[in-house]
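Step one of this worksheet: look at the structure below.
Here is how names work: the chains are called A, B, and so on, in the same order as the sequence lines, proteins then strands, and each is numbered from 1. Heavy atoms only: backbone and side chains are in, while hydrogens, waters and symmetry mates are out.
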Amino acid sequence: MTNIINCWLLKSEPQGYSIDDLKRDKKTFWTGVRNFQARNFMQQMKKGDTCLFYHSGKETSVVGVAKVTAAAQPDPTQFVKGGHYFEPRATKEKPVWFCPEIQFVKKFNDPVNLGVIKADRALEGMVLRAKSRLSVQPVSEKHFNYILKELA
DNA sequence: GCCAACGTTGGC
DNA sequence: GCCAACGTTGGC
């Protein structure tokens, strides 16, 4: 049996790319992630997987839901010489960084704050509680559903 | 392959 | 703005 994890959490600085930006764009490629752990999780994402969309910075809240519409593919920003996300080690044959495509699903009326997530015993073990820096992380289906149904 | 130095993220 | 956490780089 393959890995059946199919819920994720994506972090974003809202000044950089917010849930409202995603709502406007409807779809986007999740480019610019430059962390190997995060990349490895993104490569496990499949079309149809669901994602919590988290705003870091001032808000520190889960603000909505997105879904994966295409599996990870080479991140084009790694080839842009002089660009912020340029990757000198990457070639077209052997790209280093990958990005799935995601689609807007919903924005919460009530964002779920990190404080609540940390305090709620039902969310014990959530990666977000421990790994403060990881920008793409798996979420158990139980935790995902709980956040949607009980907290948002 | 170790580890010190360095850089970045992100909560507070 | 600070700083803890932690990922990455590069010298050895």
Side-chain angles (χ1 to χ4, degrees), chain A residues 3 5-25 28-45 49-68 71-140 142-148 150-152:
Chain A
N3 196 337
I5 290 173
N6 61 359
C7 301
W8 309 92
L9 182 143
L10 299 175
K11 277 191 206 169
S12 188
E13 281 275 352
Q15 305 96 295
Y17 197 87
S18 70
I19 189 78
D20 291 318
D21 293 325
L22 183 61
K23 187 175 182 181
R24 179 199 62 216
D25 295 345
T28 194
F29 284 99
W30 205 244
T31 60
V33 175
R34 294 295 181 267
N35 171 284
F36 289 103
Q37 256 186 295
R39 180 199 69 181
N40 295 343
F41 284 132
M42 289 199 297
Q43 289 181 305
Q44 292 173 36
M45 290 182 181
D49 285 0
T50 49
C51 306
L52 297 172
F53 198 104
Y54 178 87
H55 280 175
S56 59
K58 269 189 180 172
E59 295 181 48
T60 62
S61 300
V62 177
V63 292
V65 177
K67 76 175 177 189
V68 177
Q73 48 201 280
D75 178 344
T77 64
Q78 73 195 296
F79 303 118
V80 180
K81 277 211 174 70
H84 184 246
Y85 295 112
F86 180 64
E87 172 56 70
R89 295 169 292 190
T91 62
K92 296 278 180 184
E93 294 72 31
K94 290 199 91 180
V96 178
W97 304 111
F98 295 83
C99 56
E101 185 190 47
I102 61 165
Q103 180 176 46
F104 177 80
V105 174
K106 72 158 89 170
K107 180 182 175 180
F108 294 155
N109 292 323
D110 298 309
V112 182
N113 191 264
L114 181 62
V116 173
I117 289 171
K118 283 185 167 172
D120 197 319
R121 296 208 56 193
L123 297 177
E124 248 162 48
M126 229 185 131
V127 180
L128 188 64
R129 287 181 162 203
K131 296 253 185 180
S132 61
R133 290 183 55 188
L134 188 57
S135 65
V136 178
Q137 49 184 262
V139 175
S140 73
K142 192 179 92 180
H143 290 162
F144 185 91
N145 289 332
Y146 181 82
I147 288 171
L148 257 72
E150 307 297 332
L151 301 179

inquiry  = Is the distance from the ring center of A:Trp97 to that of A:Phe36 below 6.0 Å?
reply    = yes
key: Distance, rounded to the nearest Å, where A:Asn35 contributes CG and B:dG10 contributes P   = 9 Å
query = Starting at NE2 of A:His55 and ending at P of B:dC12, how long is that distance when rounded to a whole Å?
reply = 17 Å
task = Evaluate ring pair (Phe, Tyr, Trp, His ring centres under 6.0 Å) for A:Phe53 paired with A:Trp30, printing each intermediate quantity in order.
result = CA-CA 12 Å; A:Phe53 198 104; A:Trp30 205 244; 5.6 Å; yes
remark   = Rounded to whole Å, CD of A:Glu87 lies from P of C:dT8 at a distance of 11 Å
ask   = Does a side-chain N-to-carboxylate-O contact under 4.0 Å join A:Arg34 and A:Asp75?
value = yes
query = C:dA4 P sits how many Å from A:Arg129 CZ, rounded?
reply = 23 Å
request  = Give the rounded distance in Å between these two atoms: CD of A:Gln37 and P of B:dG10.
outcome  = 13 Å
d(CD, A:Gln137; C1', C:dC6) in whole Å = 14 Å
ask   = Is any side-chain nitrogen or oxygen of A:Tyr54 closer than 4.0 Å to OP1 or OP2 of B:dG11?
value = yes
ask   = Base, sugar-phosphate, or nothing: which does A:Glu13 touch, judged by heavy atoms less than 4.0 Å apart?
value = nothing
Pair A:Asp21 + A:Arg24, salt bridge at N-O below 4.0 Å = yes
request  = Looking at every strand, decide which applies to A:Lys118 at a 4.0 Å heavy-atom threshold: base, sugar-phosphate, or nothing.
outcome  = sugar-phosphate
query = Between A:Leu10 (CG) and B:dT9 (P), how many Å, whole number?
reply = 16 Å
inquiry  = At 4.0 Å (heavy atoms only), tell me whether A:Arg89 reaches a base, stays on the sugar-phosphate, or touches nothing.
reply    = sugar-phosphate
query = Would you say a side-chain N or O of A:Lys11 is under 4.0 Å from OP1 or OP2 of B:dG10?
reply = yes
inquiry  = Output the rounded distance in Å from CZ (A:Arg133) to C1' (C:dC3).
reply    = 12 Å
